[in-house]
Amino acid sequence: MPGTRNRRDTLLAAALNSFTQRGYDATSVAELATATGMSKAAVSYHFRSKNDLLHAVADPLLDSLDALVDRHPTTPHWPDEVRALLEDYLTTLTNHHQIAAWVDSDKAVLNHPQIGARLHHNTERMCQAITGSTADGTAATARATAALGSLWRPIRTLTPAQLATHRDALLHTAMAGCAPTNTPPNPPARSHPARPAQDRGAHGRY
């Protein structure tokens, strides 16, 4: 029934807003009932527990993150396939902007036995994909983790419009962060004609 669907969507929107503003632990079912004009029984009809409501809000992001890893090569080649993977990752985070920003900042969610573990597993899969063609082990994993972090943090601080405007710069930063150590992450700087020795300072600096 459309009315039932609309009430469920209203609850999800109210839950996400409250989770974002106050945190998951500080949000009660009674408060959500009041905010939506429903009875606690009506809330329970749609979601048997607050934990079920939490999954309903967070799982679409987690499902999308898992799906994007599945549709890319297990060991993407550097740099084109790695960039495609990171582009898809940033697009997914942007498409779920409010949920991603909340998940990344709410300790109760990050420590949740299912949601936190699932997010951690996805991060591990991403790091393994990014570093699969490198041979420097732990150092490569550290770079990959930092590269993913460089995409998550802007989700918390920038608007969707700003993310779109600075998309290329964010991807460039992530690529530079996870580049193999023997691969220059940036294009070589343009060379300039050497100045005569007499134009140099005492220590050979211009």
Side-chain angles (χ1 to χ4, degrees), residues 1-72 84-127 129 148-167 170-171 174:
M1 295 176 59
T4 299
R5 182 75 217 181
N6 289 341
R7 285 193 292 272
R8 185 180 189 278
D9 290 343
T10 297
L11 270 172
L12 288 173
L16 178 56
N17 285 333
S18 185
F19 293 164
T20 299
Q21 295 171 12
R22 304 185 58 199
Y24 173 70
D25 279 347
T27 299
S28 70
V29 172
E31 289 168 340
L32 292 177
T34 300
T36 56
M38 300 182 192
S39 66
K40 290 181 66 175
V43 174
S44 298
Y45 171 79
H46 295 284
F47 302 100
R48 290 179 299 175
S49 67
K50 192 172 77 164
N51 186 64
D52 288 343
L53 184 56
L54 171 64
H55 277 280
V57 174
D59 282 354
L61 167 64
L62 301 177
D63 291 343
S64 295
L65 289 174
D66 286 341
L68 82 86
V69 179
D70 289 338
R71 64 176 169 261
H72 286 269
L85 174 61
L86 291 174
E87 281 189 293
D88 202 356
Y89 195 78
L90 179 57
T91 296
T92 299
L93 294 180
T94 303
N95 288 344
H96 297 274
H97 177 263
Q98 188 178 3
I99 299 173
W102 154 62
V103 165
D104 193 44
S105 61
D106 193 329
K107 291 184 178 180
V109 179
L110 293 174
N111 293 325
H112 188 274
Q114 285 87 43
I115 293 175
R118 191 174 169 194
L119 183 60
H120 178 71
H121 180 62
N122 180 269
T123 300
E124 286 187 330
R125 292 182 67 198
M126 282 291 298
C127 288
L148 296 181
S150 73
L151 298 179
W152 275 93
R153 181 50 61 90
I155 294 294
R156 292 173 56 179
T157 57
L158 301 181
T159 66
Q162 291 170 328
L163 289 168
T165 298
H166 301 293
R167 179 181 176 85
L170 294 173
L171 288 169

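Just so it is clear, the model here is predicted, and its values are computed rather than measured. By convention here, the first residue in the shown sequence is residue 1.
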With side-chain contact (heavy atoms from CB on, under 4.5 Å) as the criterion, how do Leu86 and Leu148 come out once you've worked through the C-alpha distance, each side chain's angles and the decisive distance to 0.1 Å? CA-CA 8 Å; Leu86 291 174; Leu148 296 181; 4.0 Å; yes
Could you report the tightest heavy-atom contact between Glu31 and Ala26, atom names first, then the distance? OE1-O, 3.5 Å
Measuring only between side-chain heavy atoms, which start at C-beta, is Gln21 closer than 4.5 Å to Thr27? no
Approximate separation, where rounding is to 0.5 Å, of Leu16 CG and Leu11 CG: 12.5 Å
Any side-chain heavy-atom pair of Leu12 and Phe47 under 4.5 Å: yes
Candidate list Asp106, Ile115, Val103, test side chain to side chain contact (heavy atoms under 4.5 Å, CB included), partner Tyr24, passing option: Asp106
Does the side chain of His112 pick up a donor-acceptor pair with the side chain of Asn51 at under 3.5 Å? yes
Drop me the distance from Leu158's CG to Arg167's CZ, to the nearest 0.5 angstrom. 13.5 Å
Looking only at non-hydrogen atoms, find the nearest pair between Ser64 and His96 and report the distance. OG-NE2, 3.1 Å
Which atom names give the shortest non-hydrogen contact between Pro154 and Gly149, and what distance separates them? CD-O, 4.3 Å
Keeping Ser18 on the side-chain end and Ala15 on the backbone end, is there a donor-acceptor pair under 3.5 Å? no
Within a strict 4.5 Å, meaning less than it, do heavy atoms of the Asp66 and Arg118 side chains meet? yes
Considering all heavy atoms, the nearest Ala100-Leu61 contact: CA-CD2, 3.8 Å
Got a second to check how far Leu170's CG is from Glu87's CD, nearest 0.5 Å? 11.5 Å
Under 4.5 Å between any side-chain heavy atoms of Met126 and Leu85, yes or no? yes
Check this for me: Arg156, atom CZ, are more than 12 non-hydrogen atoms of other residues, nucleotides or ligands nearer than 6.0 Å? yes
For Leu65 and Tyr89, what are the C-alpha separation, side-chain angles and deciding distance, and is it a side-chain contact (heavy atoms from CB on, under 4.5 Å)? CA-CA 7 Å; Leu65 289 174; Tyr89 195 78; 3.8 Å; yes
Might you confirm whether atom CZ of Arg71 has over 12 heavy atoms from other residues, nucleotides or ligands at distances under 6.0 Å? yes
Quick one: do Asp25 and Lys50 make a salt bridge, cutoff under 4.0 Å? no
Could you grab the distance from atom CD1 of Ile155 to atom CG of Leu163, nearest 0.5 Å is fine? 4.5 Å
Audit row: Trp102, Val57, side-chain contact (heavy atoms from CB on, under 4.5 Å) steps and yes/no: CA-CA 10 Å; Trp102 154 62; Val57 174; 3.5 Å; yes
For the CG atom of Leu68 and the CG atom of Asp63, what is their distance to the nearest 0.5 Å? 11.5 Å
Counting only N and O atoms by type, is there a donor-acceptor contact under 3.5 Å from the side chain of Asp88 to the main-chain atoms of Ala84? no
Identify the two heavy atoms, one from Thr159 and one from Gln162, that lie closest to each other, and give their separation to 0.1 Å. N-OE1, 2.9 Å
Going from NZ on Lys40 to CG on Leu32, what distance comes out if it is rounded to the nearest 0.5 angstrom? 11.0 Å
Derivation of the side-chain contact (heavy atoms from CB on, under 4.5 Å) call for Thr91 and Thr94: CA-CA 5 Å; Thr91 296; Thr94 303; 5.7 Å; no
